[in-house]
Amino acid sequence: MPDKVKFNIKNVHYAVFTEGAEPAWSTPVKIPGAVSFSLEPQGDVSPFYADGIVYYQSSANNGYTGDLEMALFPPEFLKEIYGVTEGATSKVLTENARVEPKPFALLFEEDGDTSGTKFVLYNCNATRPSRSFATTSESKEPQTQSISVTASPLENGNVLAMTQDSTPEETVSNWYKAVFVEGATA
């Protein structure tokens, strides 16, 4: 039975994109503490007029942009995606402005009233996490971190994949073991 409603983001993972003839990614790594993720489609519809009417329309799919809010982005994510280095003896994390962020796949799921949906955005780039600092008053309120994510099409045009009710259980249960690619064998 299909979901009637969707709620709650969870199980956010990232997998570093590796260069090669075919798209490939490292093994997905979990980022705990998902708070929210908003995605907006990118692209427009371009009408072509002839004979006094819209004769033809083309639609561009340029992927998605959005903001991913997490409780905290772990040091492993900062090191793998943004090239943050850790001092061998000091264990201090250092960010270098000359290091380019690495592209990655972003995997996550959304609960539903029956089965939910698992997603993968194949080709993401992201801004560094925003940081917010506030004093503690009568009650402690956690400060979250956000990144702006841009998901662009791969060379083959793929942007996003998602499960549905009829997705085989084997595919659903293996979702976070490797980035899903149609036709690939695990």
Side-chain angles (χ1 to χ4, degrees), residues 9-44 58-87 92-110 116-132 144-164 167 171-186:
I9 182 173
K10 65 182 185 181
N11 287 327
V12 174
H13 288 66
Y14 71 94
V16 178
F17 186 81
T18 57
E19 298 296 324
E22 293 294 320
W25 297 266
S26 64
T27 302
V29 176
K30 186 171 185 166
I31 307 172
V35 177
S36 68
F37 192 25
S38 64
L39 277 178
E40 295 293 328
Q42 298 300 297
D44 8 326
S58 65
S59 179
N61 180 341
N62 296 327
Y64 296 88
T65 61
D67 294 319
L68 174 62
E69 182 182 7
M70 302 293 293
L72 186 68
F73 287 94
E76 294 76 24
F77 179 79
L78 302 176
K79 289 189 250 183
E80 286 194 82
I81 301 302
Y82 303 105
V84 169
T85 58
E86 180 179 337
V92 171
L93 297 175
T94 303
E95 179 182 308
N96 186 311
R98 294 185 182 133
V99 176
E100 290 287 324
K102 291 181 184 170
F104 60 97
L106 189 65
L107 300 86
F108 59 96
E109 66 186 276
E110 176 182 48
T117 306
K118 293 184 178 180
F119 295 86
V120 60
L121 292 164
Y122 289 112
N123 186 21
C124 297
N125 280 288
T127 61
R128 291 167 290 125
S130 64
R131 298 178 184 276
S132 166
T144 60
Q145 294 182 328
S146 295
I147 58 175
S148 292
V149 176
T150 300
S152 302
L154 292 169
E155 195 171 307
N156 67 9
N158 289 346
V159 176
L160 172 141
M162 63 182 155
T163 62
Q164 57 180 345
T167 301
T171 301
V172 172
S173 62
N174 289 322
W175 198 256
Y176 299 110
K177 292 181 181 172
V179 172
F180 174 82
V181 176
E182 187 65 44
T185 55

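Computed from heavy atoms alone, side chains included, the values below leave out hydrogens, waters and symmetry copies.
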Name all residues meeting the side chain to side chain contact (heavy atoms under 4.5 Å, CB included) criterion together with [X]; count only those two or more places apart in sequence or in a different chain, and write none if there are none.
{"X": "Ser26", "value": "Ala15, Val16"}
{"X": "Asn61", "value": "Val159"}
{"X": "Pro23", "value": "Phe17, Trp25, Leu154"}

Approximate separation, where rounding is to 0.5 Å, of [X] [atom1] and [Y] [atom2]:
{"X": "Cys124", "Y": "Ile147", "atom1": "SG", "atom2": "CD1", "value": "8.5 Å"}
{"X": "Ile81", "Y": "Lys102", "atom1": "CD1", "atom2": "NZ", "value": "7.5 Å"}
{"X": "Thr27", "Y": "His13", "atom1": "OG1", "atom2": "NE2", "value": "10.5 Å"}
{"X": "Phe180", "Y": "Asn174", "atom1": "CZ", "atom2": "CG", "value": "11.0 Å"}
{"X": "Lys10", "Y": "Lys118", "atom1": "NZ", "atom2": "NZ", "value": "8.0 Å"}
{"X": "Glu155", "Y": "Asn123", "atom1": "CD", "atom2": "CG", "value": "10.5 Å"}

Polar side chain donor-acceptor pair, Gln42 to Thr65, under 3.5 angstrom: yes
Tyr14 versus Glu80, side-chain donor and acceptor atoms under 3.5 Å: yes
Would you indicate whether the side-chain heavy atoms of [Y] and [X] approach each other to under 4.5 Å?
{"X": "Leu107", "Y": "Val12", "answer": "no"}
{"X": "Pro32", "Y": "Leu72", "answer": "no"}
{"X": "Tyr82", "Y": "Val99", "answer": "no"}
{"X": "Thr117", "Y": "Met162", "answer": "yes"}
{"X": "Thr163", "Y": "Phe119", "answer": "no"}
{"X": "Gln145", "Y": "Met70", "answer": "no"}

Step-by-step side chain to side chain contact (heavy atoms under 4.5 Å, CB included) determination, Glu109 to Ile9: CA-CA 6 Å; Glu109 66 186 276; Ile9 182 173; over 6 Å; no
Residues that Phe73 engages under ring-ring contact (aromatic ring centres under 6.0 Å, His included), provided they are two or more places apart: Phe77
On a heavy-atom basis, which atom in [X] and which in [Y] lie closest, and how many Å separate them?
{"X": "Trp175", "Y": "Ala161", "answer": "CZ2-O, 4.1 Å"}
{"X": "Pro129", "Y": "Leu78", "answer": "CG-CD2, 3.8 Å"}
{"X": "Pro75", "Y": "Leu93", "answer": "CB-CD1, 4.0 Å"}
{"X": "Asn62", "Y": "Gly43", "answer": "ND2-CA, 3.6 Å"}
{"X": "Pro101", "Y": "Asn125", "answer": "O-OD1, 4.4 Å"}

Flag, side chain of Ser38 to backbone of Gly66, donor-acceptor distance under 3.5 Å: no
Sidechain-backbone polar pair: Thr144 side chain, Ala71 backbone, donor-acceptor under 3.5 Å: no
Side chain to side chain contact (heavy atoms under 4.5 Å, CB included) assessment of Ser152 paired with Thr150: CA-CA 6 Å; Ser152 302; Thr150 300; 3.9 Å; yes
Pairs flagged by salt bridge (charged side-chain N to carboxylate O under 4.0 Å, His left out) wherever residues 59-78 is involved - sequence neighbours left out: none
Contacts of Lys79 that satisfy salt bridge (charged side-chain N to carboxylate O under 4.0 Å, His left out) - sequence neighbours left out: Glu86
Reference residue Phe108; test side chain to side chain contact (heavy atoms under 4.5 Å, CB included); the match among Leu121, Ile31, Val120: Leu121
